Amino acid sequence: DAKTTQPNSMESNEEEPVHLPCNHSTISGTDYIHWYRQLPSQGPEYVIHGLTSNVNNRMASLAIAEDRKSSTLILHRATLRDAAVYYCILIVRGSTLGRLYFGRGTQLTVWP
Amino acid sequence: NAGVTQTPKFQVLKTGQSMTLQCAQDMNHEYMSWYRQDPGMGLRLIHYSVGAGITDQGEVPNGYNVSRSTTEDFPLRLLSAAPSQTSVYFCASAGKRDATTLYEQYFGPGTRLTVT
């Protein structure tokens, strides 16, 4: 299994930036880094993914360390709706197709 | 598009009963999968399919059967329900970027199953 390590929980105030870290020291050169989040009582939803370069989309930014052993999901202005469990997942290219190993993720609490 | 739909939303079974959880997607995705999520845990893969007529086992396949006769549907069958199968079940689908990688997965809203 491709391993990632995330803090169990983090807190933020509304409208402040949030930086969610993920360590993946055993990542290989072709592994994609994906982030999903799961809002309460819902299925997970895709947030963002990257391979080597930093990535931005309408939901978040993904900053990938130069050695790729860690990455950070950045929510630029947290809202109450961003309170969720965030999962950092490695997609091992060429392995059994589509196996997502979720782990326990980081529970993000956003305070008004 | 409705995306990924699952029925039923809730189900209570007695030990030994069988049932089928339904999953459908309208995005023409080749890849579909079933996960279970136990309280306080991440999701674990039960079975998956890379196209109609092709299925394979994930991490926790025991006690479950699947088939994929169409691109749209991927039902999950519980053969003889046990209390250990009490969980929330999520179905997901994704398009294939190439032979070895997928695009992002889309998840359904889940089925909450209780086995007494």
Side-chain angles (χ1 to χ4, degrees), chain A residues 1-9 20 22 24 27-52 55 57-60 62 73 84-108, chain B residues 2-6 9-10 21 23 25 27 29-51 54-61 68 74 87-112:
Chain A
D1 299 359
K3 281 258 200 197
T4 62
T5 305
Q6 301 176 252
N8 289 334
S9 61
L20 297 163
C22 181
H24 29 77
I27 193 170
S28 73
T30 55
D31 295 347
Y32 285 89
I33 302 159
H34 280 229
W35 284 81
Y36 283 75
R37 72 179 186 181
Q38 187 173 20
L39 302 173
S41 300
Q42 294 190 26
E45 64 175 344
Y46 167 80
V47 177
I48 200 167
H49 79 277
L51 185 61
T52 55
V55 184
N57 67 19
R58 64 176 178 80
M59 289 181 72
L62 177 60
L73 179 71
V85 179
Y86 287 79
Y87 297 99
C88 168
I89 300 162
L90 297 187
I91 307 297
V92 181
R93 187 165 185 168
S95 73
T96 305
L97 192 62
R99 285 201 181 190
L100 300 186
Y101 295 98
F102 274 81
R104 296 196 179 201
T106 297
Q107 174 70 62
L108 175 65
Chain B
V4 179
T5 58
Q6 293 184 236
K9 284 189 169 53
F10 301 93
L21 307 185
C23 174
Q25 52 93 8
M27 297 173 281
H29 285 164
E30 293 179 77
Y31 178 88
M32 296 185 75
S33 58
W34 277 101
Y35 294 85
R36 61 176 287 174
Q37 185 173 34
D38 300 322
M41 305 290 288
L43 279 72
R44 290 184 292 168
L45 182 66
I46 304 171
H47 285 285
Y48 65 99
S49 167
V50 298
I54 307 168
T55 63
D56 206 346
Q57 297 180 350
E59 295 175 74
V60 288
R68 183 97 178 270
F74 190 44
S87 190
V88 181
Y89 291 83
F90 292 100
C91 179
S93 74
K96 284 169 67 174
R97 187 186 300 272
D98 54 42
T100 59
T101 54
L102 300 176
Y103 290 104
E104 63 270 20
Q105 295 202 25
Y106 292 82
F107 285 81
T111 294
R112 295 180 186 276

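Chain identifiers are assigned alphabetically (A, B, ...) following the order of the sequence lines, protein sequences preceding nucleic acid strands; residue numbering begins at 1 within each chain. As the structure is a prediction and not an experimental result, all values here were calculated from the model.
For A/Y46, the ring-ring contact (aromatic ring centres under 6.0 Å, His included) criterion is met by A/Y36, A/H49, not counting sequence neighbours. Annotation: salt bridge (charged side-chain N to carboxylate O under 4.0 Å, His left out) contacts of A/R37 (sequence neighbours excluded): A/E45, A/D82.
To the nearest 0.5 Å, atoms OG (A/S41) and CZ (B/R112) are separated by 4.5 Å.
Using a 4.5 Å heavy-atom cutoff, the side chains of B/Q37 and A/Q38 are in contact.
Closest heavy-atom contact between A/Y87 and B/G42: OH-CA, 4.0 Å.
In this structure, the portion of B/F90 lying under 4.5 Å from any heavy atom of chain A is its side chain and not its backbone. When heavy atoms are compared at a cutoff of 4.5 Å, A/Q107 does not approach chain B at all.
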